[in-house]
Amino acid sequence: QAHIDALKSAQALLEQRCGPLPKDSWRAVDAYVKALPVGPNVEIELGECMTPRLTEHDCWALRCDYKLKVEMSIERPKVVTKHEANFYLVGERVVRHKDG
């Protein structure tokens with residue numbers, strides 16, 4: 001019982017520092033990626049995101065996939081590439097990301 005109580009206490013401290021489970025993490029990540037500085041002919045489209053996981057170091061972490069759509073010229077269709085990234089949130093705010 002003491003071990004379970006210690007785990008619950010650690011979890012409560014972590015949630016106090018990081019905030020509760022983000023309820024609208026997809027919207028937060030979508031707004032974050034749309035605000036990233038990309039070229040004038042580049043569009044980012046967010047795809048699916050996993051459920052956020054509470055981690056000791058990064059607070060809330062979630063993995064999302066996204067597409068980069070690059071318009072090369074008016075005559076040619078957009079070039080679309082698929083990517084994945086980890087996004088890190090504190091509360092409902094994305095604080096950083098890491099591609100890969």
Side-chain angles (χ1 to χ4, degrees):
Q1 183 63 38
H3 178 67
I4 291 171
D5 290 343
L7 289 175
K8 285 182 181 179
S9 177
Q11 179 81 8
L13 288 173
L14 196 53
E15 284 187 18
Q16 185 178 15
R17 180 172 59 90
C18 297
L21 173 69
K23 294 186 183 344
D24 211 1
S25 56
W26 189 92
R27 286 192 203 281
V29 171
D30 189 49
Y32 176 85
V33 298
K34 287 193 164 109
L36 290 173
V38 293
N41 298 328
V42 179
E43 178 186 343
I44 300 176
E45 181 181 303
L46 188 63
E48 288 189 27
C49 293
M50 304 294 284
T51 301
R53 302 281 181 230
L54 188 57
T55 65
E56 189 174 327
H57 183 262
D58 295 311
C59 285
W60 295 102
L62 70 153
R63 189 163 187 85
C64 299
D65 60 1
Y66 65 93
K67 293 178 185 176
L68 281 179
K69 298 178 179 181
V70 181
E71 187 174 321
M72 304 304 277
S73 67
I74 295 175
E75 299 83 31
R76 294 179 53 202
K78 292 182 180 179
V79 175
V80 178
T81 57
K82 295 180 181 181
H83 305 271
E84 290 183 343
N86 291 319
F87 295 88
Y88 304 97
L89 292 87
V90 174
E92 295 283 339
R93 185 175 59 86
V94 179
V95 293
R96 69 184 181 91
H97 79 281
K98 182 179 178 186
D99 287 325

Do any side-chain atoms of residues 28-40 form donor-acceptor pairs under 3.5 angstrom with protein atoms, and if so which ones, sequence neighbours left out?
| residue | atom | partner | partner atom | Å |
| --- | --- | --- | --- | --- |
| Asp30 | OD1 | Lys34 | NZ | 3.0 |
| Asp30 | OD2 | Lys34 | NZ | 3.0 |
| Tyr32 | OH | His97 | ND1 | 2.9 |

task = Just do the side chain to side chain contact (heavy atoms under 4.5 Å, CB included) check on Cys64 and Phe87 with the steps written out, would you?
result = CA-CA 7 Å; Cys64 299; Phe87 295 88; 3.7 Å; yes
request  = Please report the C-alpha distance between Tyr88 and Cys59 in whole Å, then the side-chain angles of each, then the deciding distance to 0.1 Å, and finally whether the side chain to side chain contact (heavy atoms under 4.5 Å, CB included) criterion is met.
outcome  = CA-CA 7 Å; Tyr88 304 97; Cys59 285; over 6 Å; no
Hey, can you pull the donor-acceptor pairs under 3.5 Å for the side chains in residues 7-16, sequence neighbours left out?
| residue | atom | partner | partner atom | Å |
| --- | --- | --- | --- | --- |
| Gln11 | NE2 | Glu15 | OE2 | 3.2 |

task = Report the C-alpha separation of Lys82 and Asp65 in whole Å, then their side-chain angles, then the decisive distance to 0.1 Å, and conclude whether the side chain to side chain contact (heavy atoms under 4.5 Å, CB included) test is met.
result = CA-CA 7 Å; Lys82 295 180 181 181; Asp65 60 1; over 6 Å; no
ask   = Rounded to the nearest 0.5 Å, how far apart are CD of Glu48 and CG of Leu46?
value = 10.0 Å
inquiry  = How close do Asp58 and Arg96 get, counting heavy atoms only, and between which atoms?
reply    = OD1-NH2, 2.6 Å
task = Flag the pair His83 / Leu68 as yes when at least one side-chain heavy-atom distance between them is below 4.5 Å, and no otherwise.
result = yes
query = Can you hop from Val42 to Val79 via hydrophobic side chains spaced under 4.5 Å?
reply = yes
ask   = Got a second to check how far Trp26's CH2 is from Thr51's OG1, nearest 0.5 Å?
value = 15.0 Å
note = For Arg17 and Val90 the tightest heavy-atom approach is O-CG1, 4.2 Å
key: Spacing of Arg93 atom CZ and Ser25 atom OG [to the nearest 0.5 Å]   = 15.0 Å
request  = Rounded to the nearest 0.5 Å, what's the gap from CZ on Arg53 to CZ on Arg63? Could you check?
outcome  = 13.5 Å
key: Side chain proximity check, Val95 to Leu89, heavy atoms < 4.5 angstrom   = no
message = Between Tyr66 and Val70, is there shared hydrophobic-cluster membership here, with clusters defined by ILVMFWY side-chain heavy atoms closer than 4.5 Å?
response = yes
query = What do the steps show when you test Trp60 against Leu54 for side chain to side chain contact (heavy atoms under 4.5 Å, CB included), and what is the final call?
reply = CA-CA 5 Å; Trp60 295 102; Leu54 188 57; 3.5 Å; yes
